[in-house]
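Please read the structure below before turning to the comments.
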Amino acid sequence: MKRDLLINIHGFLSSHESEKVIQLREYIATQRKDIEFISLQLPDKPQAAVELIEHTIDDNEEIYSRIALIGHSLGGYFAAHIASRRKLKCVLVNPLVRGYEILCEFLGDCHNPHTGELFDITERDIEYLISINVEPVVEKQLFLVMLQLGDEIISPEATLAHYEGCAQIVEPGGCHDFSGLVNHADTMLKFLFDS
């Protein structure tokens with residue numbers, strides 16, 4: 001019997017091996033042996049990042065029974081686009097609603113502290129992000145939105161409004177990194193693969 005695959009999509013200037021990702025991987029390895037978990041180190045440029053995710057899905061769709069996504073921050077923006085296009089179940093963790101607005105603040109030279117990479121964000125990157133924006137969200141049943149109201153990066157109100165009608169877990173306090181994400185692992189995996 002084929003296993004299921006969960007692809008983790010990290011945020012901008014972040015790492016595929018953050019503490020919450022390591023905890024989630026360990027949980028799945030011990031509690032859900034029917035699920036394979038992979039976390040991609042994405043390129044810093046948005047279009048290259050989305051293309052890598054798309055290629056990973058293409059390369060694995062014959063191997064696994066089902067593929068689902070979990071996206072964090074800008075990775076949630078990417079995940080929403082891909083999940084909507086491919087009809088995949090998806091967990092969005094403190095997702096950016098309009099990723100192009102945030103990246104406008106990074107126009108020019110950038111440095112990824114996790115990889116040491118130097119790169120630049122250009123107007124073309126912003127135009128690409130606008131082109132993949134999912135608005136309105138039509139297939140609400142695909143998404144579980146995980147949101148902590150203490151997020152210092154995004155507007156929780158805008159996120160809740162954007163994903164109105166989607167399954168949501170909203171917590172007071174917390175931060176953009178979503179403290180204690182692994183505490184919701186069972187709920188997330190049931191949404192992705194058991195519902």
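By convention here, the first residue in the shown sequence is residue 1. Just so it is clear, the values below take in all heavy atoms, side chains as well, and ignore hydrogens, waters and symmetry mates.
- Listed here is the closest heavy atom pair of Ala80 and Leu92: N-CD2, 4.1 Å.
- Remark: the backbone N or O of Cys175 is paired with a side-chain donor or acceptor of Gln148 at under 3.5 angstrom.
- Linking ILVMFWY residues whenever their side-chain heavy atoms come closer than 4.5 Å, directly or via other members, leaves Leu42 and Ile22 in distinct clusters.
- Expressed to the nearest 0.5 Å, how far CG of Leu5 lies from CG of Leu192 amounts to 11.0 Å.
- A distance of 4.0 Å separates CG of Leu96 from OG of Ser73, quoted to the nearest 0.5 Å.
- A 4.5 Å side-chain heavy-atom check between Glu123 and Leu107 finds at least one atom pair inside the cut-off.
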Margin query: Between Leu69 and Phe78, does the side chain to side chain contact (heavy atoms under 4.5 Å, CB included) criterion hold? Intermediate values first, please.
Written below: CA-CA 10 Å; Leu69 309 174; Phe78 297 157; over 6 Å; no

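- Contact detail for Ile9 and Ala79: the closest heavy-atom pair is CD1-CB, 3.9 Å.
- Proximity of Tyr100 to Asn133: side-chain heavy atoms (C-beta onward) are separated by under 4.5 Å at one or more points.
- A donor-acceptor contact shorter than 3.5 Å is absent between the side chain of Lys87 and the backbone of Ala83.
- Judged purely by atom type and a 3.5 angstrom limit, Gln168 has no side-chain atom pairing as donor or acceptor with the backbone of Leu147.
- Cation-pi geometry between Lys89 and Phe191 is met: under 6.0 angstrom from the ring centre, within 45 degrees of the axis.
- Under the 4.5 Å side-chain heavy-atom criterion for ILVMFWY residues, a single connected hydrophobic cluster contains both Val21 and Val93.
- In this structure, Ser84 and Phe143 have side chains that are in contact, with non-hydrogen atoms separated by less than 4.5 Å.
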Note to self: Evaluate Leu181 against Met146 for side chain to side chain contact (heavy atoms under 4.5 Å, CB included), listing each step before the verdict.
What the structure shows: CA-CA 9 Å; Leu181 181 66; Met146 310 284 299; 4.1 Å; yes

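- Here the shortest heavy-atom pairing between His162 and Val137 reads NE2-CG2, 3.5 Å.
- In this structure, CG in Asp44 is found 4.0 Å from CZ in Phe119, a value given to the nearest 0.5 Å.
- A distance of 11.5 Å separates CD in Glu117 from CG in Leu13, rounded to the nearest 0.5 Å.
- In this structure, Ile102 is a member of the same hydrophobic cluster as Ile130, with clusters built from ILVMFWY side-chain heavy atoms closer than 4.5 Å.
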Notebook entry, point to check: Where do Val50 and Ile132 land on the side chain to side chain contact (heavy atoms under 4.5 Å, CB included) test, with the steps shown first?
Noted result: CA-CA 10 Å; Val50 170; Ile132 65 169; 4.2 Å; yes

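- With contacts defined as side-chain heavy-atom distances shorter than 4.5 Å, the pair Leu103/Leu74 qualifies.
- A pairwise comparison of heavy atoms in Gly174 and Ser179 identifies CA-OG, 4.2 Å as the closest pair.
- A donor-acceptor distance shorter than 3.5 angstrom exists from the side chain of Tyr77 to the backbone of Leu129, with no hydrogens or angles considered.
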Check: What do the steps show when you test Ile57 against Ile82 for side chain to side chain contact (heavy atoms under 4.5 Å, CB included), and what is the final call?
Finding: CA-CA 10 Å; Ile57 295 170; Ile82 294 167; 3.6 Å; yes

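- Within the 4.5 Å cutoff, side-chain heavy atoms of Phe193 are placed close to those of Arg66.
- Residues Lys2 and Tyr64 are not in side-chain contact: their nearest non-hydrogen atoms beyond the backbone lie 4.5 Å or more apart.
- Under the 4.5 Å side-chain criterion, counting only non-hydrogen atoms from C-beta, Val91 is not in contact with Leu6.
- Both Val134 and Val145 are members of a single hydrophobic cluster when ILVMFWY side chains are connected at heavy-atom separations under 4.5 Å.
- No continuous path of hydrophobic side-chain contacts links Leu142 to Ile7 [ILVMFWY only; heavy atoms under 4.5 Å].
- To the nearest 0.5 Å, atom CD1 of residue Ile38 and atom CG of residue Asn8 are 9.5 Å apart.
- Here the options are Asp186, Thr187, Asp194, the test is side chain to side chain donor-acceptor pair (under 3.5 Å), and the partner is Lys190; only Asp186 passes.
- Residue Glu19 qualifies as open at atom CD: its count of foreign heavy atoms under 6.0 Å is 12 or below.
- In terms of heavy atoms, Gly76 sits closest to Pro95 at CA-CB, 4.2 Å.
- Considering only heavy atoms from C-beta on, Ile126 comes within 4.5 Å of Cys104 through its side chain.
- Proximity of a side-chain donor or acceptor of Glu152 to a complementary backbone N or O of His176 within less than 3.5 Å is detected.
- Checked options Gln41, Arg25, His114; the residue passing with Glu17 is Arg25 (criterion: side chain to side chain donor-acceptor pair (under 3.5 Å)).
- Shown here is Arg124, whose CZ atom has no more than 12 heavy atoms of other residues, nucleotides or ligands within 6.0 Å.
- When all heavy atoms of Pro43 and Leu52 are compared, the closest pair comes out as CD-CD2, 3.7 Å.
- For the residue pair His10 and Ser39, no side-chain donor N or O sits within less than 3.5 Å of a side-chain acceptor on the partner.
- Distance check, rounded to the nearest 0.5 Å: CD1 of Ile53 to CG of Leu40 gives 6.5 Å.
- Checked by atom type and distance alone, the side chain of Arg32 never pairs as donor or acceptor with a backbone atom of Tyr27 at under 3.5 Å.
- Glu51 and Lys45 are not joined by a salt bridge, as no carboxylate oxygen comes within less than 4.0 angstrom of a charged side-chain nitrogen.
- Asp125 and Thr122 are linked by a side-chain donor-acceptor pair at a separation below 3.5 angstrom, with hydrogens and angles left out of the test.
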